[in-house]
Each structure stands twice: as C-alpha cells, then as structure tokens.
Amino acid sequence: MRFLLILCAAAGMFAAPDPKLAAAGRIVYNRACTMCHGLDGAVGDRAPALGAQRRYLRRSSQELFNAIKLGIPGTLMPPTPLSDLEVNQIAAFIQSLRATAADVEVPGNTARGEAIFHGKGQCTECHTIRGRGGIIGPDLSDVGGYLRLEELRAALTTPKESIPRGFRPVRLTTASGEVIDGVVKNENNFSLQILTRDGGLKMMLREEAREITYPEQSLMPAGYDKKLTSEEFQDLLAFLSRQSRRPRP
Amino acid sequence: MKLLILVWTATLTAQVTGEHLLKPDPANWLHYNGQYHSQRHSALNQVHTGNVSRLAAKWIFHVPNARQLQNVPIIANGIMYVSQPNEVYALDARTGRQIWAWFRQPALQKGPNRGVAVYGNRVFVTTPDAHLVALDARTGSELWASKIAEASDGYWSPAAPLIVKGKVIAGIAPGDHGLNGWLGAYDANTGERLWRWHSIPRPGEPGNETWAGDSWKTGGGATWLTGSYDPELNLLYWGIGNPAPDFDGDKRKGDNLYTESIVALDADTGKLKWYFQNTPHDVHDWDSVEIPVLVDAELRGRKRKLLAQANRNGFYYVLDRETGEFLHGTPFVRLLNWASGLTKEGRPIRVPGVVPTLQGTKTCPATSGATNWMSPAYNPDTGYFYVVAQEGCGINTKSADTFRPGGFPFMGTGYIESPEEPWQMYVRALDYTTGKLQWEYKQINSRRYGAGLLSTAGGLLFAGDDQGTLTALDARTGRPLWHFNTGQQIKGQPVTYRVAGRQYVAIAAGSNVVAFGLFE
C-alpha cells in the first residue's frame, strides 16, 4: 500500500514564505519550540526535525498554523499561547526550511554570477539556461525551483554521491571498434539511448556493442568554491538560485 | 436446431465448477495465482524456448479510464475478465474484443484492483467502497452487492477473491490507517457472510496479549493480496500485513500477532490452525502478504507438504504447511542489515539499533521490500523458486502519530530511498529447498515495484518490468530469449491460456492488456 501514499506525499507543495516573516519566526521558534525540537528546526530530544527532506503531513501555511496554534492531539505537541502573528512567523520559518533556493534571499551579484556561469566557470560547456549552453548536463533554467540552497551549494562543491537518471556516463565500443562516449539518457536490458559528448544521439542495441563501461565518476566537477574566489562563488550561487520558472513573490 | 445450439452455447459460457477450480484445464487461468497452490506454472508448452523468438502481439485492449492496471486477467473458456477499481470487462480472449463492461456507481476512487474470481456463471469482484459484487459472467449484470466493511471507516478491498467450495474468500485493506484486518468467507449465491477471521486478536482471544494496552484496537494487519489453498488439508494460507502505526512500535510493544505472519485457516470455519510470524513487532512496514507457494516435495528425509514464501523482509522461508513448522530460511537479497540470521524456530535475530528514529536509520531492505506484490513462480521441472527481488535500502524515520477515525494514515512517519544504495531490481532463481541462488537476471534501469512472474512447461519464465518490457527468460539459465516493449509501466502479473488450439501469453501493462501468440 506504500506507493499510493508516496504519490500523495509528493503532490502537495507550499507557497514561498516571506523572508522577513521567516527571519522573525526563526527567533521566536528558537525561543519557544526548542524544549522539544532542535535549534533552527533540526531534530530535537523529543520532537522531529522540521526541515530537511523528510515527508511532511503538514505542508500548507494553514496546516502549519493550526498545528502550532492548537497542538497535535495525541502527541507531545501542545497548543501554544503565542500570538497569531508569532505563530504565522514560525510557520513561515518552517516553510523557509523546506524552501528551495529560489525562495530564499541569497546574497551576491547575479549579473557577475551570470558572467561566471558563461565564462570562467565553464558551466555552459555542459549546462543550458533558457536555451543557451551545452546539453550533456541537466538544464538549469529551473534549478533554484527544485534544489534547496544547501543542495545547490553541495552540487558545486562536493562530488556527487549518486548520478541522476539520464546523466550517467557511459563508454560503448561497437563491434567495428567505434567508441561512443556520452551519458545514458535511457537503457534497459536490450538497448541504450546515448547522448554523446558532442551532442549527438546514438541509438544502440546491446548486441551491437563489444563492450560497455560505466565510469563511476559524474561528469560534474566539484570544488567550485576553490576554483573561484569566495566572492565569485557567492555570485554564481546567487545567480543559480534565481533560476526558477516559478514567479517570485 | 438453431435454438438448441443457442442453449448449448449459453450453458457452456464461463461455466466454472468447483471441480474446475480444483483441477483447472491449463487452457484456462481461473485463479489470481493460477491454481490453488499458487505456483504460477502452466502446463502449456506450445510456446517454448525453441520458438519463443516468434512470439508476437496478437491484440491490445485499452481500458479507457485506467492509469496503472495491477490486474491479473482471469480466463475461463475463451473469455477474459479484466478489472480495475469499480470496473470489470469481459473480452474475447482470442481477439481482445469487448463483450461487456460493468461500472460501479457512484464510484469511490481507490486503487488498485488486482483481479476477479469466477465460479458458476458468476464473476466476483471487490470494490473501493468495500463491497463484494457478483456479476453475471455472460452479461455483466450485477446480481448482488454485499457490504463487507464500512467504507466510511476507511476500509476498501483491492485483492482478487478466491473461490473455495462455493465460498468467496475476500480480504481487506488498509493496515496503514490503523484499521484492523480480517479474512472473510461469503456465500457465492447470496453474498451472505459465513465466517470472519480477525487478524488482530480481540481481548480474551489468544494473541491479544502480544499487544500492549489498547494498541490492538488500531493494530492493522490487512489482507491485501490473494492467498493459497490446500484441498487435502482444507486449509487456506494467507499472508497478513503490517502493524500500525507502521514505523512507531513504542505504543504497541509485543510481537503484535498476527501481523507480519503467514496463517493457516480452516476453509469451512475460518478457525486458525497455525501461524508463523516472519517479523515479530515489525517497525518497517514489511507486509507479509507475499504469495505463499505450496509445493509437495522431499525435505529432510521425508515427503512433505511445503509452503515457500519470499518475504518482503528479505528472507526466503520454507515451512511445513501441515504444522507450520519452520524448516528453512535464508536471505534472498544481499542488502539486509536488520537481522543477522534466523533462529532454529525461524525467528529473526535482530541487529540492535536498526529501527526508525527521529533522525532516520538506514534500513535494508527498504520499506518497499526485498520483494512486494510481484507474484513469484515455481517450476517443478527445474525445482526453482523464482522471485522478483529488489535490492536497496531506505532511511526510515519515526515520530509520534495519532489514530484518527475515518481512514487517515496512521504511519508514525515513513521512509526515503537511501542515497548510498540506489534501488535495483532482479529476477532470481532459488533452489526451492535451500533458497540458494541459481541464477539472476538484472533488470537494468528498473528500481522497484514491477511485474510478477509466470513459469511455463515450455521452459520459459515471463517477467515484466517497470519500464514496460515483457521478457521471456530461459527458466534454467535466466538468459533472455524474447522481449517486447509494451510502452507502459508493467505492474501486473503475466498469465497464459489457450483458445482454439493456440497458446497466448497476456499481461496488463499501464492502461492496456496485451496478448501475445506465435507469429503465423
């Protein structure tokens, strides 16, 4: 019965919180809620984390407001004597913990960040934003809309733990000795659909290959925080965080 | 003369007797699991390892409102019955042409529906609003609808019923909402309830003491897949689902019988004969509903009636099905971190600390399980038990949850995929007595929740996957011999049947049923 619930959980989203409300909510939260929950929404001694990537039952502002204001019957979560304004501030703070990069204020000069994206960072060799750039890596036109800020930062700094579907590197040698180097867009036991490094699509049957190898390393380089100055890195992060197809509030 | 022929045809249509259900003609596929023993092995051998490369699509039936069928088509005398929630279709099994369709209105939308049962001139189906409905197999006319549970409480019924000695055996879901499960028997003529066995023992019944305090009241224990039956012993074998709240065991200390168990019930009375609990006090939502496969074979020096089950908790079990005695258990997945083995009684030896926490605990297999609803198969020619295995781990979390009446989730939180161990699916052949791996077929790019298996006397094992490919494997080696891209995710189980001397293989794929036969 599990998959049904997972689909339901994936369906609901929330509106982006007001950053000022969230900042005020953080202060109220850290004062009023950390007897049980952890500091800044982390896991606490008696209550769960409120951010990160778990699946949440309460997602909308109203659901969060009600849970904070009225408590959750049958659990340790009590009703609160805080004012409605303070409860709204805490709800905004919790939503900000779950927010994607586009929902939060990221300091930095986005125009300079864009120049780095297209220039020194060499990002466009693989990535596209709004039709400009390479295609071997994911299109980043909406990256701020689906990655949280910490995930965006990690993507630029640390090697990937797992390679997303559609971007796994592959090297296929055909029976005639031709080497096809690229990423696997799709595959199963009988065929592979490969996007080659030079941007071509190769449709291969496994039986046409003499050898297929999958390099373990993602094509995405890490360590941009070291390759760039700290200012440049922050500008790039700011620029990427703004890439969202959702209108900003 | 004309009149005579008409009458003769009408009595022949879908006339399924108790004897037919007991010993099905291999031309038919009369039970969700093929036969009472649930081996999913067909004696049909017109399609075999030597000619399966000539297998071609013969017809496609599109179910207009379907998104993802998880249905096993039932075939009786050339007629195929296909179902999805609130809908049943009767098709000409040779051409795929529709004979009739039945729709339940007003329809409560909950899915899936896993299939129908046939008996006499009737088709039986359970519904999202927890009714058992009998249809005329020739016209689709509704004969009666019997309420088997309160839909307003949150109950519904996804599993295909099983017909045993004129009784319709039906189960219930969901356990994840803290609703207590049961298995029921209903009169095939009237829909009247004949017996009900409660999967959570009530006060005064043996097993109630395995639930702390009042926790038994919201204990779960659903019956959402179809079980098996041994006519000689007159015993039903059924797998029981998870306890609730799924991930928080603190409020329900104890073994939590009969959740996560295989139970043997007297088919006449519903009385419990024996039980075997795979996962006492489960906190990972591993339903034990996986199909119990009945095999008669020699083990430990004597001929025995065996029951084999590949359980979602990662262990393959062999039991004596007369007594419930545990005979053998061994992991069938490599990623298993919650138990270091089984005791000689079959009880898991728990690894301390592998329980859900506020922060999350890496748990292998994941909650989606080492396997799931994907039907296993057993081939008496190879002696192999075939299972669809899922390798992968989850990060399981726990927090306080409250039961709310009316059908709300009562999970005590949940799980996500572990980033360190991406999920991967396999078809595996196990020696049925030892559970030892004989071969495996990696379903490349398939991660979890796919299709079940069908074994045939043609030396073939049919397997589908979540990418839409139906594949015929050599049952002895696992080598792929034929495949077809159905174009939609497959979550159903393949079946085979014969009409007018020709063998067909059929499977529900996405919103379609596709039937294959040899190219001519």
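Note: hydrogens, waters and symmetry copies are ignored here, and every other heavy atom, side chains too, is used. Letters A, B, ... are given to chains in the order of the sequence lines, protein chains preceding strands, and every chain is numbered from 1.
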For the [atom1] atom on [X], are there more than 12 heavy atoms of other groups (residues, nucleotides or ligands in this structure) within a distance under 6.0 Å?
X         : atom1 : value
Arg171(A) : CZ    : no
Gln217(A) : CD    : no
Arg479(B) : CZ    : no
Lys185(A) : NZ    : yes

Contact class of Pro419(B) relative to chain A, heavy atoms under 4.5 angstrom:
both
Check each atom of Phe403(B) against the heavy atoms of chain A and say whether the ones under 4.5 Å are side chain, backbone, both or neither.
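Nothing of Phe403(B), per the 4.5 Å heavy-atom cut-off to chain A.
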Apply side chain to side chain contact (heavy atoms under 4.5 Å, CB included) to the pair Asn189(A) and Tyr441(B), showing each step before the final yes or no.
CA-CA 9 Å; Asn189(A) 294 71; Tyr441(B) 174 74; 2.9 Å; yes
To the nearest 0.5 Å, how far apart are OG in Ser446(B) and CD in Glu187(A)?
10.0 Å
Would a distance-only check, ignoring hydrogens and angles, find a side-chain to backbone donor-acceptor pair under 3.5 Å from Asn188(A) to Gln443(B)?
no
Please flag which part of Arg168(A) lies under 4.5 Å from any non-hydrogen atom of chain B: side chain, backbone, both or neither.
neither
Which atoms of Ala42(A) are under 4.5 Å from chain B, going by heavy atoms: the side chain, the backbone, both sets, or neither?
neither
How far apart are the closest heavy atoms of Asn186(A) and Gln467(B), and which atoms are they?
OD1-OE1, 3.9 Å
Quick check for you: among Lys442(B), Arg447(B), Glu420(B), which has the greatest number of heavy-atom pairs under 4.5 Å with chain A?
Arg447(B)
Just so I understand: if I count every heavy-atom pair under 4.5 Å between each of Val289(B), Thr402(B), Asn445(B) and chain A, which residue has the most?
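When all of Val289(B), Thr402(B), Asn445(B) are compared, Asn445(B) has the most.
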